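In what follows, a single structure is set out as structure tokens and then discussed.
All values derive from a computational prediction rather than experimental measurement. So that the names make sense, note that chain A is the first sequence line, chain B the second, and so on, each numbered from 1.
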Protein chains: 2
Amino acid sequence: MKRLTMKQIADQLNISRTTVSLVLKGKGDQYRISKDTQQRIISYVEQAGYRPNYFASALNSRTSGIIGAVFPDLFESFMGSIVRGIETVLYEHDYSLMISTSRFSHQREQAIIENILYRGADGLLLVPSMPYHHETPYNSEYIGSLVKQDVPMVLIDRKIKGVTVPCVVQKDYDRSYGAVTSCIQNGAGRICCVSFYLQATSIEERLRGYARAVRDHHLEPSYILLREQNPSSRDLQTKLADQLRSKEPPDAFFVTTSGIADKLSWLLRSEGFTIPIARFGSTAPWTHQELMDIPQPHTEMGKKAAQLLIERIEGRPVEEITYC
Amino acid sequence: MKRLTMKQIADQLNISRTTVSLVLKGKGDQYRISKDTQQRIISYVEQAGYRPNYFASALNSRTSGIIGAVFPDLFESFMGSIVRGIETVLYEHDYSLMISTSRFSHQREQAIIENILYRGADGLLLVPSMPYHHETPYNSEYIGSLVKQDVPMVLIDRKIKGVTVPCVVQKDYDRSYGAVTSCIQNGAGRICCVSFYLQATSIEERLRGYARAVRDHHLEPSYILLREQNPSSRDLQTKLADQLRSKEPPDAFFVTTSGIADKLSWLLRSEGFTIPIARFGSTAPWTHQELMDIPQPHTEMGKKAAQLLIERIEGRPVEEITYC
DNA sequence: TTGAAAGCGCTAACAG
DNA sequence: CTGTTAGCGCTTTCAA
């Protein structure tokens, strides 16, 4: 895959490299280069499929036009929605996106960020990979060092405690509070909260919203907290059975993530229960009517994060927390 | 985000840049540089968080260590599975991945590939964005020109007619034939095939497998062919109603993509029908038992494609078609 | 062991 | 209009 260089073009056309460079940079008219020469260059370049050497330009300009993005994984389709938003904005601003996944590993997350920065990314978008509550907490030291190095960065969906970084999150607390309250107003008196017990601020805020709404209405909170990534595990099943068998079984569920809600809905149905579920996520066409959805503006979040990052790269000040 | 250069390190440590370069390249021992000096360099670099300038290296070596990948979209989770496979292999070989989405636009696909190549990618992985049958066919000219320019490239999931490019696909024909045959052996006599009518070879092969299996058993084929991306559209619903109301309603369905199958399953259930469905895709935990799944080795495909691409980049010959 | 020097492909003055 | 020159940060001989 040998590539054509500017020198070769110049030699081929018997003109100077400067001329070629000028024309290709669109400064031909400015330097009063003959229309004819310009045209010769343009057409030669097109016909030969010349691509300027990006590394040489980047070496000169010290910017890459690349934004790195790190996700825990891309299997969950909401990550895809975030990517859509990010790409939409970056594309408009002539940035390219370099995506990697940390596969839920904190160590890999670091390695990947290092790689992205080594690759000269102008900025970084990060959905941090958070541990469960029974695991060691997220270590903010590395991210802190990046902040100190002045690496432009925006977090998505989750804050990292202990460091000051711009962050785009959902209105988790408010939406949870609202959803639970509306369950109560619809007559629910025993709302069970089902959630991954993950150290992500988004989850924590949802739990907080639930707890507060329940408390404000003088009800007892009850929880099913899961420690596993895979929602097909037995964990939910056994804990659910306990709840349903208890003296005061729930008459509504509040679920913090849509995957669990799908599984829960299926379990309830196959046990013959019809109990409404309020959950974060949106209904796939085939799910059941007892689901009440709390919409999640993932694409918006992606867009917003990309916008903020660009602002930050271009030196404008950026607020620390943006709610979507 | 000013970055430390090798020169600065050398000056700081009062030694030559060559020495620093040599040590950092791991050639310290080879050039018999004192352990002491080596250690000084290493620790300085670590403490200062030095990252070598990637563009300068790439400019020298004329390779980037970057592989580009283009997907129609990342919202479908099977794309995420492919990414997993790709990343697993690339990570082992110290390549980085640059992902973009074409958003189902042929034009954008080209623009994105150009950008990736401009960015110096060493190779390209592509899931081409295919049009529907009522649209203009995929234009293979651009891809053909890349092949002529000797750009290392591997296609995933779909072949492009008219160009010779290595391609990793599923055993679509065989699996379809097998699934339909097994429906017939289970007593089905009227199997309706439901599919996007997309100009993708994967889909076409599945349709071919269906047609052949039905024909081989002297049954009549029947189809519901959809022209839309979004499976929540009315199209399926009305066409399904026609089928169910016909004098010989289907007693089994064969569906080429899992999204449609989910929707179909839901429609059938809400109309009170219990008709088995064979489909490409895998069962989410909450779906119904009447689904018979044809497993799709997406992660395997991603791995295989990445392996082939690396072979190709390193100059080894690669077969045109690989089945997973 | 280390320094000097050339060069990767392109850009940006500057002097014709 | 066009050629010359001096880098961008790093790698790689070739000498010392």
On DNA chain C, check which nucleotide each of B:Leu59 and B:Leu22 is closest to and give me the residue with the more 5' one.
B:Leu22

A:Lys27 or B:Arg17, whichever maps to the more 5' nucleotide of DNA chain C:
B:Arg17

Think A:Arg108 forms a cation-pi with B:Tyr91, using NZ or CZ under 6.0 Å from the six-ring centre and within 45 degrees of its axis?
yes

Tell me: [atom1] of [X] to [atom2] of [N], nearest whole Å?
{"X": "B:Leu24", "N": "D:dC10", "atom1": "CG", "atom2": "C1'", "result": "11 Å"}
{"X": "B:Gln30", "N": "C:dT2", "atom1": "CD", "atom2": "C1'", "result": "15 Å"}
{"X": "B:Asn60", "N": "D:dC8", "atom1": "CG", "atom2": "P", "result": "15 Å"}
{"X": "B:Phe55", "N": "C:dG7", "atom1": "CZ", "atom2": "C1'", "result": "20 Å"}
{"X": "B:Arg51", "N": "D:dG9", "atom1": "CZ", "atom2": "P", "result": "16 Å"}
{"X": "A:Arg62", "N": "D:dC8", "atom1": "CZ", "atom2": "P", "result": "8 Å"}
{"X": "A:Asp36", "N": "D:dC1", "atom1": "CG", "atom2": "P", "result": "9 Å"}
{"X": "B:Ile15", "N": "C:dG3", "atom1": "CD1", "atom2": "P", "result": "8 Å"}

OP1 or OP2 of [N] versus the side-chain N and O atoms of [X]: is any pair under 4.0 Å?
{"X": "B:Ser57", "N": "D:dC10", "answer": "no"}
{"X": "A:Lys7", "N": "C:dC10", "answer": "no"}
{"X": "A:Ser16", "N": "D:dG3", "answer": "yes"}

Between B:Ser100 and B:Ile116, the two heavy atoms sitting closest are OG-CD1, 4.4 Å

What are the two closest non-hydrogen atoms of A:Phe55 and B:Ser64, and how far apart are they?
CZ-CB, 3.4 Å

Name the nucleic acid region contacted by [X], choosing base, sugar-phosphate or nothing; use a 4.0 angstrom heavy-atom cut-off, strictly under.
{"X": "A:Asn53", "result": "sugar-phosphate"}
{"X": "B:Ser21", "result": "base"}
{"X": "B:Tyr50", "result": "sugar-phosphate"}
{"X": "A:Thr19", "result": "sugar-phosphate"}
{"X": "A:Ser61", "result": "nothing"}

Do the side chain of A:Gln38 and the main chain of A:Val23 share a donor and acceptor less than 3.5 angstrom apart?
no

[X] side chain: which of [options] is closest?
{"X": "B:Tyr31", "options": "C:dT2, D:dC10, C:dG9", "result": "C:dT2"}
{"X": "B:Ala56", "options": "D:dG9, C:dT11, C:dG9", "result": "D:dG9"}
{"X": "B:Thr18", "options": "C:dT2, C:dC10, D:dT13", "result": "D:dT13"}
{"X": "A:Ile33", "options": "C:dG9, C:dA13, D:dT2", "result": "D:dT2"}

Would you indicate whether B:Glu141, at its atom CD, is surrounded by more than 12 heavy atoms from other residues, nucleotides or ligands within a distance under 6.0 Å?
no

Please check if the number of heavy atoms outside A:Gln39 that lie under 6.0 Å from its CD is greater than 12.
yes

